[in-house]
Enquirer: 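Take this structure, written in structure tokens, and hold onto it; I'll ask about it next.
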Amino acid sequence: MTAAAARRTALAAQGFGKLPAAAASRGAVHRLLERTRLLQLDSVTAVTRAHYLPVFSRLGAYDRALVDEAAWSHRARRPRRLVEYWAHEAALVPIEDWPLLRWRMAEYGHGRWGGARKVLERDPGLPTAVLAVIAERGPSTAAEIERALELGGPRAKDHWGWNHSDTKVVCEQLFAVGELSVDKRVGFQRYYDLTERVLPAAIRARTVAEPDAVRELMLKAAAALGVGTAADLRDYYRLRSAQAAPALAELVAAGELEAVSVAGWDQPAYRHPAARTPRRIEGTALLCPFDPLVFYRPRTERMFGFHYRIEIYTPAAERVHGYYVLPFLSGDRLVARVDVRADRATGRLLVPGAFAEPDCGTAEVAADLADSLRRLADWLELDTVEIGERGDLAARLRAG
């Protein structure tokens, strides 16, 4: 494959390539979720929550309640489609994929983090107490559980400023091992419930041996990516090389994946047989830093020649491009990056900086970016787009 064909294949697999509709339907949102297989979760709200933006990037304006409904609905007419778990980091995944991650739950049995192990050693009865409270009260936040247990006291903040109580740590540990799931979120706060009350019995009853589960996950990753290296496929669900290598060999031997070479790639690639390679990719899109198209940075650089690092945790004076920088896709190329902030109190979409990629600082790119920023502001119900001073595209954007 040529590098350009690989890019178009990857973009089509991820749901790009068509101009967005005026307002995406429920069916369109559901079809996209089946295509990407996961939406990464993140607490940063600089623009909007990370799991909402990938849908907007592909479909245009849509009602964010449709994602909430898919993830946290309990209505019989529209049952839950997604559930939270550790996939590519914390993510929403189709409920039918939850059993494929049981091997990971088993690995977390003795603590997902060192802090969890310390809490369990210090208070081995706390998990049983937490489960008892939830069984009686129903969906609850960690704070509500802590009050029910009459626990509390000062908490020491760690390096990142988090100050999780022992109760919160145990809730997260019970979530990691699959005993708890997330019933809903309110203000992005998790309401934990017993997994048996969140997921259907048929889903919970399905058991898949680790090698079979890894093989399924690798195949799903290939379908979502279209074409990718072994590392690309592994990263989609954060699989280990020792797990993934046998699965990949089996998939190729069975004809479920096709081994290909991509011009300019220094590693073998694998193409899903159902992947399309359109003649061209139309449209533009602003991409969240946690978008499945770009969240594996080595792939982003190899496929698009786009060196991308998130600078949220970089001191402000040391940032190159800004706090929350969105890559800008035009056709099958990443042509710019833009620092964006939603100031909801004043109804403004703030754009402190806008930077063109080499040989892309054209009037056409600026015009397309201005249009995309306006569409983003409209979707977020913000009145104005305010362009700052930083970056070689800023003056063109301000000039309109």
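These values consider heavy atoms only, across backbone and side chains, with no hydrogens, waters or symmetry-generated copies. Not measured: the values here are computed from a predicted model.
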Enquirer: If we ignore angles and hydrogens, is there a donor and acceptor under 3.5 Å between the side chains of H30 and R81?
Expert: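 Side-chain D/A pair, H30 to R81: present.
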Enquirer: Under 3.5 Å, side chain of R271 to main-chain N/O of G226, donor-acceptor pair present?
Expert: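 No: the side chain of R271 does not pair with the backbone of G226.
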Enquirer: Suppose we call two aromatic rings close when their centres sit under 6.0 Å apart. Are F295 and H88 close by that rule?
Expert: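 Yes, the ring centres sit under 6.0 Å apart.
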Enquirer: Does the R185 side chain pair with the main chain of F188, one donor and one acceptor, at a distance under 3.5 Å?
Expert: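 Looks like yes, one N/O pair under 3.5 Å.
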Enquirer: Donor-acceptor pair, distance only, cut-off 3.5 Å: does the side chain of R396 make one with the backbone of A366?
Expert: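 Flag not set: sc R396 to bb A366 has no pair under 3.5 Å.
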Enquirer: For salt bridge (Lys or Arg N to Asp or Glu O under 4.0 Å), just list the numbers for D232 and R302, CA-CA rounded to whole Å, side-chain angles, deciding distance to a tenth of an Å, and then say yes or no.
Expert: CA-CA 11 Å; D232 296 341; R302 183 187 340 111; 2.8 Å; yes
Enquirer: If I compare all heavy atoms of P94 with all of R37, which pair ends up nearest, and what's the gap?
Expert: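 Minimum heavy-atom separation between P94 and R37: CD-O, 2.9 Å.
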Enquirer: On a heavy-atom basis, which atom in H272 and which in L257 lie closest, and how many Å separate them?
Expert: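 Looking at all heavy atoms of both residues, the shortest contact is CA-CD2, 4.0 Å.
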Enquirer: Should we count CZ of R64 as having more than 12 external heavy atoms under 6.0 Å?
Expert: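 Enclosed: over 12 neighbouring heavy atoms sit under 6.0 Å from CZ of R64.
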Enquirer: Using the rule given for side chain to side chain contact (heavy atoms under 4.5 Å, CB included), can you reason through D63 versus V29, listing the C-alpha separation, both sets of side-chain angles and the distance that settles it, and then say yes or no?
Expert: CA-CA 9 Å; D63 185 352; V29 171; over 6 Å; no
Enquirer: Just to verify, what does E196 make a salt bridge (Lys or Arg N to Asp or Glu O under 4.0 Å) with, not counting sequence neighbours?
Expert: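 Testing E196 for salt bridge (Lys or Arg N to Asp or Glu O under 4.0 Å), a comparison that skips the adjacent residues, returns none.
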Enquirer: Will you find, in the side chains of T284 and R375, an N or O donor that is under 3.5 Å from an N or O acceptor?
Expert: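 T284 vs R375: donor-acceptor pair found between side chains.
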Enquirer: Determine the minimum heavy-atom distance between W379 and Y62, stating which atoms define it.
Expert: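 In terms of heavy atoms, the two residues are closest at NE1-O, 2.8 Å.
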Enquirer: Measuring centre to centre across the rings, with the benzene-like ring taken for any Trp, is Y191 within less than 6.0 Å of W72?
Expert: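 No, the ring of Y191 stays outside the 6.0 Å limit from the ring of W72, centre to centre.
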Enquirer: Between the side chains of E389 and R398, is the shortest nitrogen-to-carboxylate-oxygen separation below 4.0 Å, so that they form an ion pair?
Expert: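 Between E389 and R398 there is a salt bridge, with a charged N closer than 4.0 Å to a carboxylate O.
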Enquirer: Could you list the residues that satisfy salt bridge (Lys or Arg N to Asp or Glu O under 4.0 Å) with E107, not counting sequence neighbours?
Expert: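 Once residues adjacent in sequence are excluded, the partners of E107 under the salt bridge (Lys or Arg N to Asp or Glu O under 4.0 Å) criterion are R240.
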Enquirer: Is the cationic atom of R190 (NZ for Lys, CZ for Arg) positioned less than 6.0 Å from the six-membered ring centroid of F175 and within 45 degrees of its normal?
Expert: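 Ring-cation test returns yes.
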Enquirer: Identify whether NZ of Lys or CZ of Arg in R297 sits under 6.0 Å from the centre of the six-membered ring of F306 and within 45° of that ring's axis.
Expert: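 Cation-pi check for R297 and F306: fails.
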Enquirer: What verdict does the salt bridge (Lys or Arg N to Asp or Glu O under 4.0 Å) test give for R197 and D183, after you've listed the backbone C-alpha separation in whole Å, the side-chain angles of each residue and the deciding distance to 0.1 Å?
Expert: CA-CA 8 Å; R197 298 199 294 224; D183 173 78; over 6 Å; no
Enquirer: Classify the ring geometry between Y324 and F290 as parallel (under 30°), tilted (30 to 60°) or perpendicular (over 60°).
Expert: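 Aromatic pair Y324/F290 classed tilted.
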Enquirer: If you look at every heavy atom in L59 and A24, which pair is closest and at what distance?
Expert: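 Looks like CB-CB, 3.8 Å.
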Enquirer: Using the rule side-chain hydrogen bond (donor to acceptor under 3.5 Å, both in side chains), only one of E144, K168, K184 pairs with Y192; which is it?
Expert: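 The residue from E144, K168, K184 that satisfies side-chain hydrogen bond (donor to acceptor under 3.5 Å, both in side chains) with Y192 turns out to be K168.
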Enquirer: Without swapping roles, check the side chain of S181 against the backbone of T195 for a donor-acceptor pair under 3.5 Å.
Expert: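 Such a contact is absent between S181 side chain and T195 backbone.
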Enquirer: Please confirm whether the backbone N or O of H321 pairs with a side-chain atom of R390, one donor and one acceptor, at under 3.5 Å?
Expert: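 Yes; at least one donor-acceptor contact below 3.5 Å.
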Enquirer: Can any side-chain N or O of Q173 pair as donor or acceptor with the backbone N or O of Y108 at less than 3.5 Å?
Expert: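 Confirmed, Q173 side chain pairs with Y108 backbone.
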Enquirer: Does R104 count as lying over the ring of W86, i.e. NZ or CZ under 6.0 Å from the six-ring centre, within 45 degrees of the axis?
Expert: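 Negative - R104 is either too far from the ring of W86 or too far off its axis.
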Enquirer: Using a strict threshold of under 4.0 Å (side-chain N to carboxylate O), is an ion pair present between R215 and E256?
Expert: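 Salt bridge absent between E256 and R215.
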Enquirer: Verify, without hydrogens or angle tests, whether R147 (side chain) and A142 (backbone) share a donor-acceptor contact under 3.5 angstrom.
Expert: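 Flag not set: sc R147 to bb A142 has no pair under 3.5 Å.
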Enquirer: Check D332 with R280, please: is the shortest side-chain N to carboxylate O separation under 4.0 Å?
Expert: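 Not counted as a salt bridge, because no side-chain N and carboxylate O are separated by less than 4.0 Å.
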Enquirer: Below 4.0 angstrom, N of the basic side chain to O of the carboxylate: do D339 and R341 qualify?
Expert: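 Here D339 pairs with R341 in a salt bridge, since their nearest N and O are under 4.0 Å apart.
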Enquirer: Is R49 positioned over the aromatic face of Y52, cation under 6.0 angstrom from the ring centre and no more than 45 degrees off axis?
Expert: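 Negative - R49 is either too far from the ring of Y52 or too far off its axis.
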Enquirer: Output all residues satisfying side chain to side chain donor-acceptor pair (under 3.5 Å) with Y236, sequence neighbours left out; order by chain, then residue number.
Expert: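 Here the qualifying residues are Q14.
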